[in-house]
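Data block below; observations after.
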2 protein chains.
Amino acid sequence: MGLIYKEELKLGFDMCDVKLDVKLPHLISYCLGLSGRQTELLQMSDQKVLDDNHLIWIITDHELTLDRLPRFGDTITIETEPFAYNKLFCYRRFTIFDQDHQQMAEIITHFALMDPDTRKVAQIPTDLVQPFESDFVKKLRRTPKIKTLENPKEKIYNVRYYDLDMNGHVNNGKYLDWIYDVMSYDFLSKHRPVAIQLRYIKEVSPDGTIVSRYEQDQLTTTHDITADGNLHAQAIIQWKEIED
Amino acid sequence: MGLIYKEELKLGFDMCDVKLDVKLPHLISYCLGLSGRQTELLQMSDQKVLDDNHLIWIITDHELTLDRLPRFGDTITIETEPFAYNKLFCYRRFTIFDQDHQQMAEIITHFALMDPDTRKVAQIPTDLVQPFESDFVKKLRRTPKIKTLENPKEKIYNVRYYDLDMNGHVNNGKYLDWIYDVMSYDFLSKHRPVAIQLRYIKEVSPDGTIVSRYEQDQLTTTHDITADGNLHAQAIIQWKEIED
């Protein structure tokens, strides 16, 4: 259990793709913005954590379960709950409801703390999570192992100025942009994601070039993002065909 | 004069760049989303215009005057007023105020109507603009002629899946992404735009490759976006140095 914070959002033109579905990078960015607003309300803003503890929050995983994708014109409620933490991770749930309070989607995000100078992960000080009333759990949350790609298709991308966020790192949402774009327009226009497992391994540097690679096995695609041969992110996406 | 609609917005992490300034593509997208919400309130949504008149709104120009760029954490008010129209264009102003109602920035956007099948511009039917109480003006709004580039620097970009909006066209905000990215990170990190004139000439096709080119003359940069030798957009940006 943790303190719940929620906001209502009407999905405008700017948030939706060519299928009228919400753009997932935008949805994830919005969710992170919303979680930022909860941390501010609880006097636990990123700035304060940096000033007081010399630490920054980083995201290591997103687990998306997409029963129904929010679409253009929908008014959705996004509820967030920092539901648990252990020595190394905080877990936050974003639940998306339609206007009848039926659940449409869920995103579980794993956060860790990092020293911005040494780039090393730090243990989570209890006083940083106490205001959120999250439960302490001993166990780490398990996520499926994502296989190494053997014969992937790939495309090369340059990091762009506006891909960077306030920390000078590539915005987390951007990875999904690369992960999507490497697939064919034809496939993307005929399929919707139902589940996405996304793991961030290593930051992408601001002036870098990355390779987005993927393999497809029926309705499952497995992805990675590499740069100079190093693994920066991995993902698995389960798809369903769009019925006309 | 036209009916005014406004919303308050707190600029979160997801809206800001590495300088903590608002990301202009995001700000423009947000403004267009906001104008969409006004049109819906007045029962004049894009969908209705398409259903009743078989026409879609397109944007031909943005004129941005940026006295002070909104920044991370700012609570701004965006006020929009569809202030005038003539036979071919509707003009909408977005004014951005800080919390003390001091003006920070202004965006004037030129809209035209297009038949989605023939791609031809249509005259503006009076009943489409009447609900906005905009003034009829005979004159077209003049914008400065943007010079042809003679010895530009350039970068090539592929259109990505998430660059497309609901119409299957490249989202208007995306052009500024290409226009910015072609410049050096060093220049961008030390300068802020104070005025931007952006003209859209021709749509970019979903599967296309574009070239973003620019020339610099002191604190003025002149830009274009071309594809297969055709001109798709042009821009002029006036910059100022950031004082430490």
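Naming convention: chains lettered A, B, ... in sequence-line order (proteins, then strands); numbering from 1 in each chain. Owing to the predicted nature of the structure, the values given are computational and were not obtained by experimental measurement. Hydrogens, waters and symmetry mates play no part in the numbers below; they use all other heavy atoms, side chains included.
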Counting heavy-atom pairs under 4.5 Å with chain A, the top scorer among B:G36, B:P25, B:G173 is B:P25
Leading residue by heavy atom contact count with chain A [cutoff under 4.5 Å; candidates B:G33, B:G168, B:C16]
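Heavy-atom pair counts peak at B:C16.
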Can A:K174 and A:D177 be counted as an ion pair, charged N to O under 4.0 angstrom?
yes
Output yes when B:K190 and B:D186 qualify as a salt bridge under the 4.0 Å nitrogen-oxygen rule, no when they do not.
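Yes, this pair counts.
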Counting only non-hydrogen atoms closer than 4.5 Å, does [X] touch chain B with its backbone (N, CA, C, O), its side chain (CB onward), both, or neither?
| X | result |
| --- | --- |
| A:E40 | side chain |
| A:N158 | backbone |
| A:L176 | backbone |
| A:L20 | both |

The interface call for B:L188 against chain A, heavy-atom contacts under 4.5 Å, is both
In sequence, state the C-alpha distance, the side-chain angles, and the governing distance for A:D14 and B:Y30, and then conclude on side-chain hydrogen bond (donor to acceptor under 3.5 Å, both in side chains).
CA-CA 7 Å; A:D14 50 320; B:Y30 193 91; over 6 Å; no
Can you tell which of A:Y180, A:Y185, A:Y175 makes a ring-ring contact (aromatic ring centres under 6.0 Å, His included) with B:Y162?
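So, applying the ring-ring contact (aromatic ring centres under 6.0 Å, His included) to B:Y162 and each of A:Y180, A:Y185, A:Y175, only A:Y180 qualifies.
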Please identify, among A:V159, A:L34, A:D165, the residue contributing the most non-hydrogen atom pairs under 4.5 Å to chain B.
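Most pairs with chain B among the choices: A:D165.
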Please report the C-alpha distance between B:E241 and B:H191 in whole Å, then the side-chain angles of each, then the deciding distance to 0.1 Å, and finally whether the side-chain hydrogen bond (donor to acceptor under 3.5 Å, both in side chains) criterion is met.
CA-CA 4 Å; B:E241 257 185 272; B:H191 295 82; 4.8 Å; no
Suppose we screen for salt bridge (Lys or Arg N to Asp or Glu O under 4.0 Å). Which residues come up paired with A:E63, at least two apart in sequence or across chains?
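In terms of salt bridge (Lys or Arg N to Asp or Glu O under 4.0 Å), with neighbours along the sequence ignored, A:E63 is linked to A:R141.
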